[in-house]
Amino acid sequence: MTNLEIAWVFREIADLLELAEDNPFKVRAYRKAAKAVFHLSREVAELWREGSLLEVPGIGKNLAAKVEELLQTGQCSFLERLKETVPPGLRDILTIPGIGAKSVRTIHQVLGITTLSELELAAKDKKIRHLPGMGSKTELAILRGIDMLKSHQGAALLGIALPLAEQVVGDLRVLPEVERAEITGSVRRSKEMVGDVDILVASSQPAVVMQVFAKHPQVKEVLAQGTDRTRAITWLGLQLDLLVVPPGSFGSAWHHRTGSSQHNRRLQERAQGMGLKLNERGLFSKEDGEGLPVGGEEDIYQRLGLAFVPPELREDRGELEAAANGELPHLVSMADIRGDLHMHTNWSDGVNTLPEMVEAARRRGYEYIAVTDHSRSLSIANGLSLERLVEQRGVINRLNENMEDFRVLAGVEVDILADGRLDYPDEVLELMDLVIASVHTGFRMDGERMTARVEQAVKNPHVDILAHPTGRILGRRNAYEIDLERIMELAASTGTWLEINASPDRLDLDDMHVRTAKDMGIPIAINTDAHDVVRLAEMRYGVLTGRRGWLEKGDVVNTWSLEEVMRRMR
DNA sequence: GCCGTTTTCGGCCCGACTGTTTTCAGTCG
């Protein structure tokens with residue numbers, strides 16, 4: 001059982017305890033432990049074998065016993081018992097923004113509602129507004145929230161799906177019967193959220209491959225099985241599809257299943273125009289039905305007179321025209337990244353110390369980072385007072401004195417207050433090496449006010465980067481209302497950079513907005529916003545989103561040398 | 001439920017915003 005799965009069990013327990021109105025500090029203890037396990041850089045199973053579980057902060061005797069039970073049996077009897085007293089469907093209701101445990105309890109106790117669909121009916125029947133403490137706005141928030149949840153029902157974050165796919169593919173590759181195993185589908189195209197995980201294997205012995213696949217530790221249950229394919233569900237509830245093809249047809253099958261369907265359709269049309277037929281099994285002459293040899297995906301594009309289209313671009317957004325005209329972008333890659341300009345330390349709400357973050361960044365091969373802790377008004381995140389900001393700056397200066405091949409920029413993530421002012425005065429911002437501005441409060445402002453608010457921040461000459469420009473949290477919170485076109489026009493004229501926040505639950509800007517920004521000539525900083533050393537690795541998701549937005553190396557601020565970053569800063 | 005001690009209990013992050021109220025409770029970050 002992985003750290004992720006253990007963390008999920010703890011989170012589920014926390015939610016159910018909260019719904020049962022148990023001791024709030026107990027609830028917090030479970031949440032804290034879930035977070036600790038999630039952010040752990042080592043496998044919990046390994047710590048358990050060593051007998052050092054209790055050394056993890058937040059895990060005591062009780063939770064250590066639950067971890068042990070989970071590792072040994074795959075189950076937690078405490079959770080199972082809890083589910084009998086608290087309807088698990090209430091957890092779904094808890095995910096609606098603006099609806100907390102108290103409201104869920106009222107809804108459950110008064111109306112007997114236990115599922116999202118029952119709640120939706122009640123809200124449409126205007127039954128919610130008559131509950132104590134609720135009104136028509138709550139009812140509307142519920143309907144909106146349910147709409148949002150429905151729109152990505154059963155979908156998983158790329159940050160969950162990609163590591164899972166990589167693990168399964170890696171485990172299949174070691175089998176002697178497997179010639180090749182690859183990720184396909186939307187995961188390979190690096191979509192921010194995916195409905196399922198598709199895996200393709202080249203083998204002449206599908207039965208053996210399918211048998212091993214069905215017993216994979218990530219697989220909870222096999223849903224369906226054919227002669228060459230298996231559909232399974234993972235412990236995290238993700239659908240996992242395996243297809244086994246003969247080695248000779250791997251290339252065309254890989255291409256076909258990578259999609260997208262619109263991209264494939266456009267390719268098929270192009271093939272038809274050339275007297276050819278393209279399908280899952282390969283490329284054929286329409287006249288005599290004779291197959292043309294397809295070794296790899298490259299052959300398909302080449303036969304159709306196109307440059308190879310990277311998977312991230314296969315969305316029918318003009319990539320075929322670009323491929324025909326030799327105008328495909330040379331996409332940015334992880335190897336181009338030289339630094340990370342947004343991260344937190346335990347000076348504010350980060351987990352690790354400043355030297356630990358520096359050391360981790362150096363191990364990643366970076367040449368520079370910016371340390372950007374929260375500003376003073378964000379008290380819950382332990383935002384830095386003016387005194388502590390100055391103090392931290394001194395610590396960073398001393399760190400830099402002892403390093404020759406690495407530079408720490410003294411930055412700050414300054415809050416954009418509700419009225420558009422920044423959380424520190426200009427004379428303070430002026431002293432910083434790098435200033436990131438972002439919104440953390442007052443999300444439910446109308447579009448006009450929010451746009452004006454952010455515009456005011458972008459206009460401030462000390463602000464270098466606008467971070468997570470829409471504030472969305474995938475699957476949990478929609479973007480706030482903001483006119484991004486207007487923000488981008490302003491950013492283009494002021495020379496303010498925009499961020500791709502690489503955290504897999506943000507990916508903000510998204511691929512489409514990134515492309516717009518690129519077309520407007522706005523440099524993009526791909527930042528992790530890491531709160532611990534492990535999450536510095538999330539850079540890859542930001543880079544993948546950048547690739548989906550057609551970004552090239554030169555478009556990305558943190559592929560530049562430190563000298564260039566400093567030179568082009570406002 | 002964890003943690004740390006003034007060691008076996010008592011404390012555990014807090015302020016702003018929203019919608020419901022008519023002075024405040026619930027939610028969120």
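The structure presented is a predicted model; accordingly, all values stated were derived computationally and were not measured. The chains referred to below are lettered A, B, ... by the order of the sequence lines, with proteins before strands, and numbering in each begins at 1.
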message: Side chains of A:E69 and A:S77: any donor to acceptor distance under 3.5 Å?
response: yes
field: Integer angstrom distance from the P of B:dC28 to that of B:dT22
entry: 23 Å
task: Please measure how far the P atom in B:dC14 lies from the corresponding atom in B:dT7, and state the result in whole Å.
output: 24 Å
- prompt: Any ion pair linking A:K124 and A:E120 (charged N to carboxylate O, less than 4.0 Å)?
  reply: yes
Distance, rounded to the nearest Å, where A:L79 contributes CG and B:dG1 contributes C1': 16 Å
query: What is the nucleic acid contact for A:A33, judged by heavy atoms within less than 4.0 Å: base, sugar-phosphate only, or nothing?
result: nothing
Touch class at under 4.0 angstrom, heavy-atom based, for A:K61 against every strand present: sugar-phosphate
message: Pairing donors with acceptors under 3.5 angstrom, does anything connect the side chains of A:D529 and A:H344?
response: yes
- prompt: Say you pick atom P in B:dC9 and the same atom in B:dG15; how far apart are they, in whole Å?
  reply: 31 Å
message: For B:dT27 and A:S103 - does any side-chain N or O of the residue sit under 4.0 Å from the phosphate oxygens OP1/OP2?
response: yes
- prompt: Is the phosphate of B:dG15, meaning OP1 or OP2, less than 4.0 Å from a side-chain N or O of A:S377?
  reply: no
Interatomic distance at C1', B:dT6 relative to B:dG1, whole Å: 23 Å
message: Could you tell me how far B:dC13 sits from B:dG4 if I compare only their P atoms? Round to whole Å.
response: 13 Å
field: For atom NZ of A:K66 and atom P of B:dC2, their distance in whole Å
entry: 8 Å
field: Rounded C1' spacing from B:dT5 to B:dC12 in Å
entry: 14 Å
- prompt: Tell me: CG of A:D415 to C1' of B:dC28, nearest whole Å?
  reply: 14 Å
- line: Out of B:dG1, B:dC12, B:dG29, minimum distance to the side chain of A:R28 belongs to B:dC12
- request: Hey, which sits more toward the 5' end of DNA chain B by its nearest nucleotide, A:F25 or A:L63?
  value: A:L63
A:G98 or A:N62, whichever maps to the more 5' nucleotide of DNA chain B: A:N62
task: Indicate whether OP1 or OP2 belonging to B:dG19 is found under 4.0 Å from a side-chain N or O atom of A:R129.
output: no
message: Categorize A:L417 for me: base, sugar-phosphate, or nothing, with a 4.0 angstrom heavy-atom threshold over every strand shown.
response: nothing
message: Looking at A:R11, I want to see if its CZ is surrounded by more than 12 non-hydrogen atoms of other residues, nucleotides or ligands under 6.0 Å.
response: no
B:dT20 versus B:dA25 - spacing of their C1' atoms, nearest Å: 9 Å
query: Taking 4.0 angstrom as the limit, do A:R31 and A:E18 come out as a salt bridge?
result: yes
message: Need one value for A:T106: base, sugar-phosphate or nothing, where a base atom within 4.0 Å counts as base even if backbone is also close, heavy atoms only.
response: nothing
- request: For A:T441, report the nucleic acid contact type (base, sugar-phosphate, nothing); a contact means any heavy atom under 4.0 Å.
  value: nothing
- prompt: Quick one: is B:dC28 close enough that its OP1 or OP2 comes under 4.0 Å of any side-chain N or O from A:R477?
  reply: no
- line: A:D419 atom CG is separated from B:dC17 atom P, nearest whole Å, by 10 Å
- prompt: When we call it a touch if two heavy atoms are under 4.0 Å apart, what does A:N382 touch: a base, just sugar-phosphate, or nothing?
  reply: nothing
message: From CZ of A:R31 over to P of B:dG1, roughly how many Å is that when rounded to an integer?
response: 15 Å
message: Heavy atoms only, 4.0 Å cut-off, all strands: where does A:R105 land among base, sugar-phosphate and nothing?
response: nothing
query: How about A:R91: does its CZ atom have over 12 heavy atoms from other parts shown lying under 6.0 Å from it?
result: yes
statement: In Watson-Crick or G-U wobble terms, with both distances under 3.5 Å, the base opposite B:dT8 is none
- prompt: Just how far, in rounded Å, is P of B:dA16 from CZ of A:R444?
  reply: 17 Å
query: B:dG29, B:dT20, B:dG1: which one has an atom nearest the side-chain heavy atoms of A:T138?
result: B:dT20
task: Using a heavy-atom cut-off of under 4.0 Å over every strand shown, decide if A:I59 touches base, sugar-phosphate, or nothing.
output: sugar-phosphate
message: Which nucleotide wins on minimum distance to the side chain of A:S379, given the candidates B:dG29, B:dG15, B:dG1?
response: B:dG15
task: Give me the ring orientation class for A:F10 and A:Y30: parallel if the planes are under 30° apart, tilted from 30 to 60°, perpendicular past 60°.
output: perpendicular
message: Nearest to the A:K137 side chain among B:dG29, B:dC2, B:dG19, which nucleotide is it?
response: B:dG19
message: Taking the ring of A:H39 and the ring of A:H531, is the distance between their centroids below 6.0 Å?
response: no
query: To the nearest Å, how far apart are A:I99 CD1 and B:dT20 C1'?
result: 13 Å
- request: Could you check whether A:P24 gets within reach of a base, just the sugar-phosphate, or nothing at all, counting any heavy atom under 4.0 Å?
  value: nothing
- request: Let me know the distance between CD of A:E413 and P of B:dG29, rounded to the nearest Å.
  value: 14 Å
